[in-house]
Amino acid sequence: MRKPFIAGNWKMNLTHIEATAFIQDFHYDFKNKNNCEICICPPFIALRGIKNIIDADKINVKIGAQNMHWEKSGAFTGEISPEMLKALKIDYVIIGHSERRQYFAETNETVNKKVRAAFANDLLPIMCVGEDLKTREAGNAEDFVLGQITECLEGLEEKLAADLTVAYEPIWAIGTGRTATSEDANTMCSAIRKKIAGLYSFATAESVRIQYGGSVKPSNITELMSMPDIDGALVGGASINVGDFLAIINY
Ligand code: 13P
């Protein structure tokens with residue numbers, strides 16, 4: 001059985017001071033009635049502060065970064081390496097978010113390098129895929145997303161792939177208030193799982209967790225989580241509101 005996995009992607013929101021206030025408020029009201037795995041992905045500058053509070057207060061929440069470079073170290077001004085995240089004992093790293101692809105020229109090839117670098121440094125990748133509106137309206141969404149899966153997983157060993165999380169985030173549903181219907185989201189997540197079964201094996205596909213992301217909120221999470229191939233959510237806007245994020249976790 002795959003454990004439900006709800007992650008909050010804060011994107012470029014909250015200062016390190018606001019992040020501290022968030023985690024303290026969150027802890028105060030924290031319940032986890034569905035026994036989900038939970039991960040918070042703040043900006044880099046808040047990783048250490050949040051990690052210290054989570055460890056000190058034994059809050060059962062994982063911590064993730066929103067991006068990283070694939071190289072160990074070197075002349076890459078402004079970048080953060082997998083080794084640096086490993087040294088901070090970070091659990092997860094979001095790789096290839098559509099905003100990284102759109103604004104920072106990330107490609108399936110760089111996503112592939114980053115996914116492999118994450119596993120090589122004991123970081124678990126949350127690998128993002130998803131189509132834009134034009135692709136969906138042209139009826140090419142599935143081909144496009146499955147192409148992303150194939151290219152982003154190129155050369156990744158099967159024993160590592162089993163620990164992968166895929167986040168299916170249709171770009172047209174991100175930050176727009178427009179959610180994919182739970183049936184459409186499940187259809188894509190199911191196609192992704194079949195693709196992974198074809199690339200590796202049925203057993204590996206069954207262990208990969210697939211999250212849906214795109215305008216997830218307290219009012220639509222229950223239906224999304226009732227779908228057989230949706231194992232969790234990657235939550236943007238609603239994850240920086242303590243009440244909303246807790247309501248989502250306790251769907
Ligand atoms: P929203 O939940 O704000 O639509 O963002 C989704 C997302 O991009 C999570 O990574």
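One-based numbering along the sequence shown. As the structure lists them, so they are numbered: ligands from 1, and atoms in each ligand from 1. The model shown is predicted, which means the values in this text are computed figures rather than measured ones. Because only heavy atoms are used, hydrogens play no part in the values below, and waters and symmetry mates are left out as well, while side chains stay in.
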Enquirer: Is it true that S215 lies under 4.0 Å from ligand 1, counting heavy atoms only?
Expert: yes
Enquirer: Of all the non-hydrogen atoms in the protein, which one sits nearest to atom 5 (O) of ligand 1, and at what distance?
Expert: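 Looking only at protein heavy atoms, the one closest to atom 5 (O) of ligand 1 is K11 NZ, 3.2 Å.
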Enquirer: Which atoms of ligand 1 have any heavy atom of L234 under 4.0 Å away?
Expert: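 What qualifies from ligand 1 is 9 (C), 10 (O).
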Enquirer: Test your reading of the structure: does G237 have an N or O sitting under 3.5 Å from an N or O of ligand 1?
Expert: yes
Enquirer: Salt bridge check: are K72 and E83 linked by an N-O gap of less than 4.0 Å?
Expert: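 Here K72 pairs with E83 in a salt bridge, since their nearest N and O are under 4.0 Å apart.
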Enquirer: Please state which part of I174 comes within less than 4.0 Å of ligand 1, counting heavy atoms only: side chain, backbone, both or neither.
Expert: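 Looking at I174 and ligand 1, atoms from backbone and side chain both fall under 4.0 Å.
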Enquirer: Have E157 and Y200 got a donor and an acceptor in their side chains that come within less than 3.5 Å?
Expert: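 Checked: E157/Y200 side chains show no N/O donor-acceptor pair below 3.5 Å.
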Enquirer: Numbering the atoms of ligand 1 from 1, which are under 4.0 Å from a heavy atom of N9?
Expert: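 It comes down to these atoms of ligand 1: 9 (C), 10 (O).
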Enquirer: Near E169, which atoms of ligand 1 are under 4.0 Å from a heavy atom of that residue?
Expert: 6 (C), 7 (C), 8 (O), 9 (C), 10 (O)
Enquirer: Any chance the side chains of Q102 and H97 put a donor and an acceptor closer than 3.5 Å?
Expert: no
Enquirer: Say whether T135 and N140, considering side chains only, have a donor N or O and an acceptor N or O under 3.5 Å apart.
Expert: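 Distance-only check fails for T135 and N140.
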Enquirer: May I ask you to check whether E131 and Y168 show a side-chain donor-acceptor distance below 3.5 Å?
Expert: yes
Enquirer: To the closest 0.5 Å, what do you measure between SG (C152) and CG (N112)?
Expert: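 Nearest 0.5 Å value for the SG-CG distance: 7.0 Å.
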Enquirer: Considering non-hydrogen atoms of the protein only, which is the closest contact for atom 2 (O) of ligand 1, and what is the distance?
Expert: G236 N, 2.9 Å
Enquirer: Which atoms of ligand 1 sit under 4.0 Å from any heavy atom of H97?
Expert: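 Answer, ordered by atom number: 7 (C), 8 (O), 9 (C), 10 (O).
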Enquirer: Evaluating non-hydrogen atoms only, which member of S239, G213, G175 is closest to atom 4 (O) of ligand 1?
Expert: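 That would be G175.
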Enquirer: What do you reckon, does T176 have a nitrogen or oxygen under 3.5 Å from a nitrogen or oxygen of ligand 1?
Expert: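 No - when backbone and side-chain N and O of T176 are compared with those of ligand 1, no distance drops under 3.5 Å.
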Enquirer: Between R193 and D231, does any NZ, NE, NH1 or NH2 come within less than 4.0 Å of an OD or OE carboxylate oxygen?
Expert: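 Salt bridge: yes.
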Enquirer: Would you kindly say whether W10 and Q66 are connected by a side-chain donor-acceptor distance under 3.5 Å?
Expert: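 Short answer, no.
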Enquirer: Any idea which atoms of ligand 1 are less than 4.0 Å away from a heavy-atom of G214?
Expert: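 Near G214, the atoms of ligand 1 are 4 (O), 6 (C).
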Enquirer: Counting only nitrogen or oxygen atoms and a 3.5 angstrom limit, does E99 reach ligand 1?
Expert: no
Enquirer: Looking only at side-chain N and O atoms, does S201 offer a donor or acceptor that is under 3.5 Å from a partner on T204?
Expert: yes
Enquirer: Mark the output for K217 as yes if a heavy-atom distance to ligand 1 is under 4.0 Å, and as no if none is.
Expert: no
Enquirer: Ligand 1 versus A173, non-hydrogen atoms closer than 4.0 Å: side chain, backbone, both, neither?
Expert: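 For A173, only backbone atoms sit under 4.0 Å from ligand 1.
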Enquirer: Taking atom types as modelled, find out whether S81 and E71 have a side-chain donor-acceptor pair closer than 3.5 angstrom.
Expert: no
